[in-house]
Amino acid sequence: MEFASIPEIDTPALVIDLDAHERNLRRVADYFAARPCDLRPHVKTHKCSTIARRQVEMGAIGVTCAKVGEAEAMADGGITSILIANQVTAASKIQRLAALAGRCELMVALDDVNNARAIGQAATQAGTTVGVLVEIDTGMRRCGLAPDPAQAVAFAKAVLPVDGLRFRGLMGYEGHTVMIEDDAERRAKASEAGRQLGACAQAVRDAGIDVQIVSGGGTGTYDISGDSGVFTEIQAGSYVFMDARYHGIQPELETALFMVSTVVSLARGDLVTLDCGMKSLTHEFGQPPVVSPSGLGPVGLSEEHGRCAIEGGTCDLKLGDQVWLLPTHCCTTANLHDRYWCVRDGRLVGTWAIDARGRFD
Ligand SMILES: Cc1ncc(COP(=O)(O)O)c(C=O)c1O
């Protein structure tokens, strides 16, 4: 893959290859259109209400968010159904959550009865209703109740009578499985997580409680959990861009997000130095590879510089030329930028604001 320089792009810039991005959106939308399971994409990946609206236009039933601030930005951007797939416990955030429920259909995950009561009280005072999903820990060990059906039933029964809340169902994100590279192992572990969540959901149903929603799933498991019969909606996020970490796990999806940087030094002869560093590109999943031009090694990052070795000894680059990198983690990299630069057929066609950028509040 070779990409020519686009001088209108002010680097370091996050660039969307619109054709590849739209093919990803279409592929996953088509997958869910053909099944009795919906897509509620996680917007933590792109943090952009323009992309969220496009996902909804293609059939998504709403969005998933990680934080109240992210959800507020999505509501500001016109999204009308939002799941915060996370615990909200600080008093000030519970107030904002209750207020936000007056602007959209809002749901939140829970694993604590006192937290449920605090949210119910705030919603009652605000004159709103917050939907709740009981979170079950199916192996990720982050948040959620142990996957014990009796405990799930007891929790649902405790939440049901709380004023200001509406019990909607269960959630269990199998995040410990989504990046397992071996297909058979990923399938086995994700299926086991789904089985645990399904057993809890069934027990709650058997107790006579209406379970409308069972939510979970990521890009690495959207097709496993989506086909399991357990989930009613899937929270995949990274499928819109795919990054170096995910690339290969779901080969039907294409890399669609690139970091475009400019050559700032060639003085050493064996090294290319770029204008992107760890303030514009994250590297917790490893050094970003160069996709264009070919012949450059992975990029080591300091604050405002990226350095890569010239493999084979020579290269044709000049100062000011652009180099295209593949982010290793699209979600944390997007959070560093104000806008996406959108490219089609090698030409800049517009920019989109990353309006939930920094909304980890
Ligand atoms: C709660 C939750 N749901 C879904 C996802 C799926 O994201 P992805 O599609 O990027 O794997 C994540 C990722 O961190 C998550 O935390």
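A quick note: this is a predicted structure, and the numbers were derived from the prediction, not measured.
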Exercise for the section: May I have the step-by-step check of salt bridge (Lys or Arg N to Asp or Glu O under 4.0 Å) for D30 and R26, ending in yes or no? Expected result: CA-CA 6 Å; D30 286 350; R26 175 51 54 211; 3.1 Å; yes
Exercise for the section: For S265 and T273, indicate whether the former's side chain and the latter's backbone hold a donor-acceptor pair under 3.5 Å. Expected result: no
Problem - Side-chain heavy-atom pair V343, I16 within 4.5 angstrom cut-off - result: no
Practice task
Would you indicate whether E181, at its atom CD, is surrounded by more than 12 heavy atoms from other residues, nucleotides or ligands within a distance under 6.0 Å?
Solution key: no
Practice task
Ignoring hydrogens and angles, tell me if any N or O in the side chain of S292 forms a donor-acceptor pair with the backbone of F3 under 3.5 Å.
Solution key: yes
Practice task
Would you please say whether a donor-acceptor pair under 3.5 Å links the side chains of T11 and Q322?
Solution key: no
Exercise for the section: Have a look at Y340 and tell me which of F258, W352, F241 forms a ring pair (Phe, Tyr, Trp, His ring centres under 6.0 Å) with it. Expected result: F241
Problem - Derivation and outcome, salt bridge (Lys or Arg N to Asp or Glu O under 4.0 Å), residues R168 and E105 - result: CA-CA 12 Å; R168 301 296 304 274; E105 178 190 49; 3.2 Å; yes
Problem - Shortest non-hydrogen contact from C65 toward M74 - result: SG-CG, 4.0 Å
Handout entry: Polar side chain donor-acceptor pair, E22 to N24, under 3.5 angstrom
Key = no
Practice task
Report the residue from V240, V63, I51 that forms a side chain to side chain contact (heavy atoms under 4.5 Å, CB included) with V43.
Solution key: V63
Practice task
Compare all side-chain heavy atoms of C330 with those of S238 and state whether any distance is below 4.5 angstrom.
Solution key: yes
Problem - Pair E57 + R54: basic N to acidic O under 4.0 Å - result: no
Handout entry: Heavy-atom side-chain contact between Y246 and L253 under 4.5 Å
Key = no
Practice task
To the nearest 0.5 angstrom, please state how far the CZ atom of F285 sits from the OG1 atom of T332.
Solution key: 7.0 Å
Problem - Polar side chain donor-acceptor pair, Q55 to Y239, under 3.5 angstrom - result: yes
Exercise for the section: Determine whether the side chains of T138 and E174 contain a donor N or O and an acceptor N or O closer than 3.5 Å. Expected result: no
Handout entry: R142/D137 salt bridge by N-O under 4.0 Å criterion
Key = no
Problem - Short side-chain to backbone donor-acceptor contact, Q250 and T219, under 3.5 Å - result: yes
Practice task
Check whether any side-chain heavy atom of T262 lies under 4.5 Å from a side-chain heavy atom of D321, and answer yes or no.
Solution key: no
Completion exercise
Rounded to the nearest 0.5 Å, the CG atom of L274 sits from the OG atom of S280 at a distance of 10.0 Å
Handout entry: Carboxylate-amine/guanidinium contact K47 E70, below 4.0 Å
Key = yes
Problem - Within 6.0 angstrom of H247 NE2, more than 12 heavy atoms from elsewhere - result: no
Practice task
Applying side chain to side chain contact (heavy atoms under 4.5 Å, CB included) between V108 and each of L83, I119, L100, N115, report the one that passes.
Solution key: I119
Practice task
Quick one: pull up CG in D223 and OG in S228 and give me the separation to the nearest 0.5 Å.
Solution key: 11.0 Å
Handout entry: D19 with R23: basic N within carboxylate O range, under 4.0 Å
Key = no
Exercise for the section: Run the salt-bridge test on E72 and R96 with the 4.0 Å N-O cut-off and return the result as yes or no. Expected result: yes
Exercise for the section: Hey, could you give me the CG/CD distance between L296 and E311, rounded to the nearest 0.5 Å? Expected result: 7.5 Å
Practice task
Check for a donor-acceptor pair, side chain of D345 on one end and backbone N or O of R347 on the other, with a separation under 3.5 Å.
Solution key: no
Problem - Residues I209, F167; criterion side-chain contact (heavy atoms from CB on, under 4.5 Å); working and verdict - result: CA-CA 9 Å; I209 298 168; F167 176 82; 3.5 Å; yes
Practice task
Answer whether the closest heavy-atom distance between the side chains of C104 and S81 falls below 4.5 Å.
Solution key: no
Handout entry: Smallest separation among heavy atoms of L281 and L301, with atom names
Key = O-CD1, 3.5 Å
Exercise for the section: Without swapping roles, check the side chain of T333 against the backbone of T282 for a donor-acceptor pair under 3.5 Å. Expected result: yes
Exercise for the section: Quickly, which of I61, I234, T232 forms a side chain to side chain contact (heavy atoms under 4.5 Å, CB included) with R40? Name it, please. Expected result: I61
Practice task
I would like to know whether D243 and T328 meet side chain to side chain donor-acceptor pair (under 3.5 Å); could you show each step before the answer?
Solution key: CA-CA 5 Å; D243 48 32; T328 44; over 6 Å; no
Practice task
May I ask you to test the D111-Q87 pair for a side-chain heavy-atom distance under 4.5 Å?
Solution key: yes
Problem - Shortest non-hydrogen contact between A85 and A109, atoms and distance - result: C-CB, 4.1 Å
Practice task
Would you check if there is a donor-acceptor pair between the side chains of T64 and Q235 at a distance under 3.5 Å?
Solution key: no
Problem - Spacing of Q202 atom CD and L170 atom CG [to the nearest 0.5 Å] - result: 11.0 Å
Exercise for the section: Using modelled atom types only, decide if a donor and an acceptor are shared between the side chain of R205 and the backbone of D210 within a distance under 3.5 Å. Expected result: no
Practice task
Flag the pair D361 and R359 as a salt bridge only when some basic side-chain nitrogen lies within less than 4.0 angstrom of an acidic carboxylate oxygen.
Solution key: yes
Exercise for the section: Looking only at non-hydrogen atoms, find the nearest pair between G217 and F231 and report the distance. Expected result: N-CE2, 4.3 Å
Practice task
Would you mind reporting whether L197 and P147 have side-chain heavy atoms less than 4.5 Å apart?
Solution key: no
Fill in the blank from the handout: CG of L133 to CD1 of I84, rounded to nearest 0.5 Å, is 11.0 Å
Exercise for the section: Compute both the distance and the angle, then confirm whether R35 meets the cation-pi test with Y31: under 6.0 Å from the six-membered ring centre, within 45 degrees of the axis. Expected result: yes
Problem - Criterion salt bridge (Lys or Arg N to Asp or Glu O under 4.0 Å) on R195 and E192, from CA distance to verdict - result: CA-CA 5 Å; R195 191 197 60 72; E192 170 54 19; 2.9 Å; yes
Problem - Other residues, nucleotides, ligands: >12 heavy atoms within 6.0 Å of E284 CD - result: yes
Problem - Check: H337 side chain, R339 main-chain N or O, donor-acceptor pair, under 3.5 Å - result: no
Problem - Any side-chain donor near an acceptor of the partner, N86 and E135, under 3.5 Å - result: no
Handout entry: Donor-acceptor contact present, side-chain R186 to main-chain M179, <3.5 Å
Key = no
Handout entry: Whether D275 side chain and S261 backbone form a donor-acceptor pair below 3.5 Å
Key = no
Exercise for the section: Please check if atom CG in D182 has more than 12 non-hydrogen atoms from other residues, nucleotides or ligands closer than 6.0 Å. Expected result: yes
Handout entry: Check ion pair D76-R103 (N to O, under 4.0 angstrom)
Key = yes
Practice task
Flag the pair V263 / L266 as yes when at least one side-chain heavy-atom distance between them is below 4.5 Å, and no otherwise.
Solution key: yes
Practice task
Please report the closest heavy-atom contact between C276 and M259, naming both atoms and the distance.
Solution key: CB-SD, 4.0 Å
Practice task
Answer yes if F360 and I94 sit in the same cluster of Ile, Leu, Val, Met, Phe, Trp and Tyr residues linked by side chain heavy atoms under 4.5 Å apart, and no otherwise.
Solution key: no
Problem - G300 versus Q287, closest heavy-atom pair with distance - result: CA-NE2, 3.5 Å
Problem - Flag, side chain of E185 to backbone of I180, donor-acceptor distance under 3.5 Å - result: no
